[in-house]
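Below, all heavy atoms of this structure are taken into account, side chains as well, without hydrogens, waters or symmetry copies. Convention: sequence-line order gives letters A, B, ...; per-chain numbering from 1.
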Amino acid sequence: MPQELNDLERRRREELQHLRELGVNPYPYSFDKTHDSTAILSTFTDETAENFKNVAVAGRIMAIRRMGKASFCHIQDAQGRIQVYLRTGDIPNYDDFKLYDIGDIVGVKGYVFRTKVGEISVHATELVMLCKSLSPIPIAKEVEDEAGNKTMYDAFQDKELRYRQRYTDLVVNPQVREVFVKRSRIISTMRRYFDERGWLEVETPVLQPLYGGASARPFITHHNTLDMELYLRIADELYLKRLIVGGFEGVYEISKDFRNEGMDRTHNPEFTMMEIYVAYKDVYWMMEMVENLLETITREVHGGTEITVGEQQISMKAPFRRVTMLDAIKEHTGKDLRGVSLEEAKAIAKELHVDIDGKTSVGAIIGEIFGTKAEPNLIQPTYVIDHPLEVSPLAKTHRSDPSVTERFELFINGAEFGNAYSELNDPIDQRERLEAQSRQRAGGDEEAMTLDEDFLHALEIGMPPTAGLGIGIDRLVMLLTNQDSIRDVLFFPQMRRLE
RNA sequence: GAUCCCGUAGCUCAGCGGUAGAGCAUUUGACUUUUAAUCAAAGGGCCGAUGGUUCGAGACCAUCCGGGAUCACCA
């Protein structure tokens, strides 16, 4: 990439050449580590020193302090940092060390000791270059005071560079690594929870001839051989339900969905969704499963159920509060919309200054009022239930109220974290609902669902009563790692192409 | 898509009409337990891009490129 080298880059290439002339391979094949940095730091004591006479550590040089005939450096491995002490006479290639830079990856063999000031360090008897770094990394110096507070000097914090060069970010900013380790643990805990209950992890098409299962605009692509348009999936739902039709009684998928919409703090065009469908269950069973799942994950990641998110203290302990959408609106606006006409609903929306442009049904207006007036206030985990029929085309009608559906959305810290239904399995009802969506589509609503004849055929074959759920994984990770931008929980967030 | 803010050395930033600056990093020298190591010296910049205003622009104006925040849409 860099055609024109700056001084620093030129110098490093000269050092590389110099090493080669000395017969050193700057890119050797392997190195036998015996210890991680933290394994040494956490177990070394003056009494156990005998066990540390012969250790081998490896990592990236993050700091160098040269004092003529002796030098210190810190190397960083996947676990942390450890100091290395190099002294002329103790290693044969001490003179080469001046060709080593911050950013190089080295292997060190030696014995562990404690310096005058008390820092546990490796006294090198062997020093090996494992990878000469040609492009300098930002230097961030970290100081720890007596109280253990760490101060970062000159941290690498330009967000654009951090996102575009996540590898550099990960090298320089150790706390970034933590977020992604937690992300991995959240997903693996969820997977284990499902697997233990016998639900099957499956994979369904990303490239779909029709898209459905959510309201969103898709990415469109083209298959050359078939000469047909394909859509990147916006949801997994319709394929997973086909598998329930096929006889699986519990299936889940954790994978990327794609939505061709705006990007901001909480939206990336590709994002990770978990969807699960369990036969013979309903949405009330699902609520108990989800609160138990999220409490389990929170305990696994935090060691407890209480978390801090921004200014908020949130308890992830089950059970979560349940409230109907109409009650939630009444609670936060004082307005009761039970049984209102379209005209009355419009009047209330206007009174509440809620923008309902393009909303043509009572249900859609109720959904809008809820989203604007009630949702932001739902800080502690709350199941909002009984959504209007019109905004829930894939959910079963409520068993005791035909105007609403058996559905919940889970809200935490004012944002949605999950969406679940008693899945609609009446094929005639489903056809009518999708036809209504088609009419909205014809009326110009680009996000209305398409009519998928094959999906309807599957329902005609017959799907058992089923509970289904979707959880946005990225947002769950944001919540449990206290990050306020989705870009900070994605290794490589979408960025505009550079010139 | 709209509004506001930002773009100066490898990194973090100052400079806001008058000869491009600091700290860290880099180079040279000194230093065999340092830790933002220290001490002395040096190098390093198309000031995001293109136009304009001006005797003179890093700074003021316009357009564009990139980023951030808020809003709209959604998960």
Categorize S215(A) for me: base, sugar-phosphate, or nothing, with a 4.0 angstrom heavy-atom threshold over every strand shown. sugar-phosphate
Residues two or more places apart in sequence or in another chain: which of them pass ring pair (Phe, Tyr, Trp, His ring centres under 6.0 Å) with F491(A)? F180(A)
Output the single nucleotide from rC73(B), rC24(B), rC11(B) whose closest atom is nearest the side chain of I139(A). rC24(B)
Take the protein atom NZ of K98(A) and the nucleotide atom C1' of rU26(B), then report the distance between them rounded to whole Å. 16 Å
Give me, pair by pair, the N or O atoms of the protein and of nucleotides 30-35 of chain B that are less than 3.5 Å apart, along with how far apart they are.
| from | atom 1 | to | atom 2 | distance (Å) |
| --- | --- | --- | --- | --- |
| rC31(B) | N3 | G68(A) | N | 3.3 |
| rC31(B) | N4 | G68(A) | N | 3.1 |
| rU32(B) | O2 | R87(A) | NE | 3.3 |
| rU33(B) | O2' | K116(A) | NZ | 3.3 |
| rU33(B) | O2 | K116(A) | N | 2.9 |
| rU34(B) | O2 | R65(A) | NE | 2.6 |
| rU34(B) | O2 | R65(A) | NH2 | 3.2 |
| rU34(B) | O2 | Q83(A) | OE1 | 3.3 |
| rU34(B) | N3 | Q83(A) | OE1 | 2.8 |
| rU34(B) | N3 | Q83(A) | NE2 | 3.0 |
| rU34(B) | O4 | Q83(A) | NE2 | 2.5 |
| rU34(B) | O4 | T115(A) | OG1 | 2.9 |
| rU35(B) | O4' | R65(A) | NE | 3.2 |
| rU35(B) | O2 | E119(A) | OE1 | 2.9 |
| rU35(B) | N3 | E119(A) | OE1 | 2.7 |
| rU35(B) | O4 | T115(A) | OG1 | 3.4 |

Round to the nearest Å and state the distance from E375(A) atom CD to rC73(B) atom P. 12 Å
Residue pairs involving residues 53-80 of chain A (criterion salt bridge (charged side-chain N to carboxylate O under 4.0 Å, His left out); sequence neighbours excluded): none
Who passes salt bridge (charged side-chain N to carboxylate O under 4.0 Å, His left out) against E409(A), sequence neighbours left out? R407(A)
Within the side chain of Y94(A), is there an N or O that forms a donor-acceptor pair under 3.5 Å with the backbone of A70(A)? yes
To the nearest 0.5 Å, what is the distance between CZ on R439(A) and CG on L451(A)? 10.5 Å
In this structure, how many angstroms lie between the P atom of rC11(B) and the CG atom of D101(A), rounded? 16 Å
My understanding is that only residues two or more places apart in sequence, or in another chain, count here; which of them pass side-chain hydrogen bond (donor to acceptor under 3.5 Å, both in side chains) with R259(A)? none
What contact category does I471(A) fall into here, base, sugar-phosphate, or nothing, at under 4.0 angstrom with non-hydrogen atoms? nothing
Rounding to 0.5 Å, atoms OH (Y85(A)) and SG (C73(A)) come to a distance of 12.0 Å
Take the angle between the ring planes of F44(A) and F52(A) and call it parallel below 30°, perpendicular above 60°, tilted in between. perpendicular
Taking side chain to side chain contact (heavy atoms under 4.5 Å, CB included) as the definition, give me every residue that meets it alongside T115(A), ordered by chain and number, with sequence neighbours left out. F72(A), Q83(A), F113(A), V117(A), E119(A), S121(A)
Report each atom pair, protein N/O against N/O of nucleotides 43-49 of chain B, whose distance is under 3.5 angstrom.
none

Here the distance between atom P of rU27(B) and atom NE2 of H18(A), to the nearest Å, is 13 Å
In whole Å, what is the span from the CD1 atom of I64(A) to the P atom of rA36(B)? 16 Å
By side chain to side chain contact (heavy atoms under 4.5 Å, CB included), A58(A) pairs with (sequence neighbours left out) F31(A), K33(A), L130(A)
Any stems for RNA chain B, made of 3 or more Watson-Crick or G-U pairs in a row, each with both distances under 3.5 Å? B:1-7 with B:65-71, B:10-13 with B:21-24, B:26-30 with B:38-42, B:48-52 with B:60-64
What is the distance from NE2 of H353(A) to P of rC71(B), rounded to the nearest Å? 18 Å
Which residue pairs pass the salt bridge (charged side-chain N to carboxylate O under 4.0 Å, His left out) test when at least one of the two sits in residues 369-396 of chain A, sequence neighbours left out? none
Exactly one of N268(A), T266(A), D264(A) should register a side-chain contact (heavy atoms from CB on, under 4.5 Å) with I486(A). Which one does? N268(A)
Show each protein N/O and nucleotides 67-70 of chain B N/O combination with a separation under 3.5 Å, one pair to a line.
| from | atom 1 | to | atom 2 | distance (Å) |
| --- | --- | --- | --- | --- |
| rG67(B) | OP1 | R164(A) | NH2 | 3.3 |
| rG67(B) | OP1 | R496(A) | N | 2.8 |
| rG67(B) | OP2 | R496(A) | NE | 2.9 |
| rG67(B) | O4' | E160(A) | OE1 | 3.0 |
| rG68(B) | OP1 | R487(A) | NE | 3.2 |
| rA69(B) | OP2 | R487(A) | NH1 | 3.0 |
| rU70(B) | OP1 | R265(A) | NE | 3.4 |
| rU70(B) | OP2 | R265(A) | NE | 3.4 |

Salt bridge (charged side-chain N to carboxylate O under 4.0 Å, His left out) partners of residues 230-241 of chain A, not counting sequence neighbours, each pair once: R233(A)-D236(A), R233(A)-E253(A), R233(A)-D257(A), E237(A)-K241(A), K241(A)-E423(A)
On RNA chain B, more 5' by nearest nucleotide between F271(A) and R12(A) is R12(A)
